[in-house]
Amino acid sequence: MPRKGRTDRSRSAETRVPDGIPRQQGFFEDVFDIVRQVPAGRVTTYGAIAACLGSRLSARMVGWAMNASHHAIPEVPAQRVVNRNGMLSGKHHFPPDRPMETLLRMEGVDVADDRVVDFKSRFWDPGQELAL
DNA sequence: TTTTTGACGTCGC
DNA sequence: CGCGACGCCAAAA
């Protein structure tokens, strides 16, 4: 199909549907989709998601995508995504009314000192689960 | 359009 | 064992 004169990059402004709902923007969708598949009470890491996407993407992109997760639909449980240390690195980015730590505790994940307790057990590998 | 940043990860010193 | 620098790709300014 013939590509219009504009570049693919500039579709950002056009990716918005008339309803006002921002459509998932490429790479973001992949990240959101994986995060949404993370079961409650479980956590995953940026690197795991990045690896699941093909390792070609850096873990940074995952974090960057999560930044957009706030306006993503449906809501993305970003609280279940932590760094490889199990630290709630993004808690500072959560709404004050709903701290990341609180959300995790609510799901049954014990958090102490901004770290997931027994992170290893709580870890949910998207690459392994989604490989089915 | 180019430049900077970004909720990380891994290698190096 | 602790701290520093680089890399990765994409989006926002």
Side-chain angles (χ1 to χ4, degrees):
Chain A
M1 94 188 228
R3 186 70 57 191
K4 287 160 57 176
R6 65 173 67 269
T7 62
D8 299 286
R9 295 297 184 84
S10 58
R11 69 178 140 100
S12 301
E14 295 190 276
T15 359
R16 295 178 180 282
V17 291
D19 300 325
I21 302 173
R23 174 164 292 189
Q24 290 78 358
Q25 293 153 14
F27 163 87
F28 284 60
E29 181 188 345
D30 294 333
V31 178
F32 297 156
D33 186 46
I34 294 173
V35 176
R36 286 185 304 223
Q37 291 177 68
V38 178
R42 291 295 184 96
V43 292
T44 189
T45 67
Y46 302 94
I49 296 171
C52 184
L53 292 175
S55 311
R56 301 183 180 187
L57 304 173
S58 63
R60 279 189 170 186
M61 295 308 345
V62 180
W64 192 238
M66 301 308 291
N67 195 357
S69 67
H70 281 283
H71 56 83
I73 299 175
E75 310 264 329
V76 178
Q79 63 276 16
R80 296 174 192 160
V81 182
V82 296
N83 63 10
R84 77 121 191 141
N85 295 315
M87 298 196 308
L88 284 58
S89 47
K91 78 161 195 173
H92 210 62
H93 257 271
F94 274 75
D97 294 358
R98 218 80 189 225
M100 190 175 186
E101 181 178 325
T102 301
L103 290 172
L104 288 174
R105 285 180 176 174
M106 191 170 66
E107 295 182 348
V109 178
D110 294 325
V111 179
D113 194 34
D114 295 340
R115 287 192 299 265
V116 176
V117 177
D118 199 5
F119 169 66
K120 188 177 180 180
S121 275
R122 296 290 184 179
F123 178 68
W124 183 85
D125 188 346
Q128 185 173 347
E129 298 298 323
L130 299 179
L132 299 177

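Because only heavy atoms are used, hydrogens play no part in the values below, and waters and symmetry mates are left out as well, while side chains stay in. For clarity, every value in this text was computed on a predicted model and none was experimentally measured.
The residue A65(A) sits apart from the nucleic acid: no heavy atom pair falls under 4.0 Å.
Here the C1' atom of nucleotide dA7(B) and the NE2 atom of H70(A) are 9 Å apart, to the nearest Å. Residue M66(A) contributes atom CE, which lies 15 Å from atom P of dA11(C) at whole-angstrom precision. Here dA13(C) presents its P atom at 10 Å from CG of N67(A), a figure rounded to the nearest Å. Rounding to whole angstrom units, CE of residue M100(A) and P of dA7(B) are separated by 12 Å. When the P atom of dA7(B) is taken as reference, atom CZ of F28(A) falls 13 Å away, rounded to whole Å. The distance from atom CZ of F94(A) to atom P of dA7(B) is 12 Å, rounded to the nearest whole Å. Put simply, CZ on F27(A) is 10 Å from C1' on dC8(C), counting in whole angstrom units. Going from atom CG of D30(A) over to atom P of dA11(C) covers 11 Å, rounded to whole Å.
Nearest heavy-atom pair, F27(A) versus V62(A), reported as atom, atom and distance to 0.1 Å: CZ-N, 4.1 Å.
With hydrophobic clusters built from ILVMFWY side chains whose heavy atoms lie under 4.5 angstrom apart, L53(A) shares a cluster with F32(A). No continuous path of ILVMFWY side-chain contacts below 4.5 Å connects L103(A) to V117(A), so the two sit in separate hydrophobic clusters.
Pairing partner, dC6(C): dG9(B), with both Watson-Crick or wobble hydrogen-bond distances short of 3.5 Å.
The backbone N or O of A72(A) lies less than 3.5 Å from no partner atom in the side chain of S69(A), so there is not a single donor-acceptor pair. Side-chain atoms of R105(A) come within 3.5 Å of backbone atoms of V111(A) as a donor-acceptor pair (strictly under, hydrogens ignored). Side-chain N or O atoms of D125(A) include one that pairs as donor or acceptor with a backbone N or O of G127(A) at under 3.5 Å.
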Which atoms of nucleotides 9-13 of chain B (N or O only) lie under 3.5 Å from a protein N or O atom, and what are those distances?
unit_1, atom_1, unit_2, atom_2, d
dG9(B), OP1, R84(A), N, 2.9
dG9(B), OP2, R84(A), N, 3.1

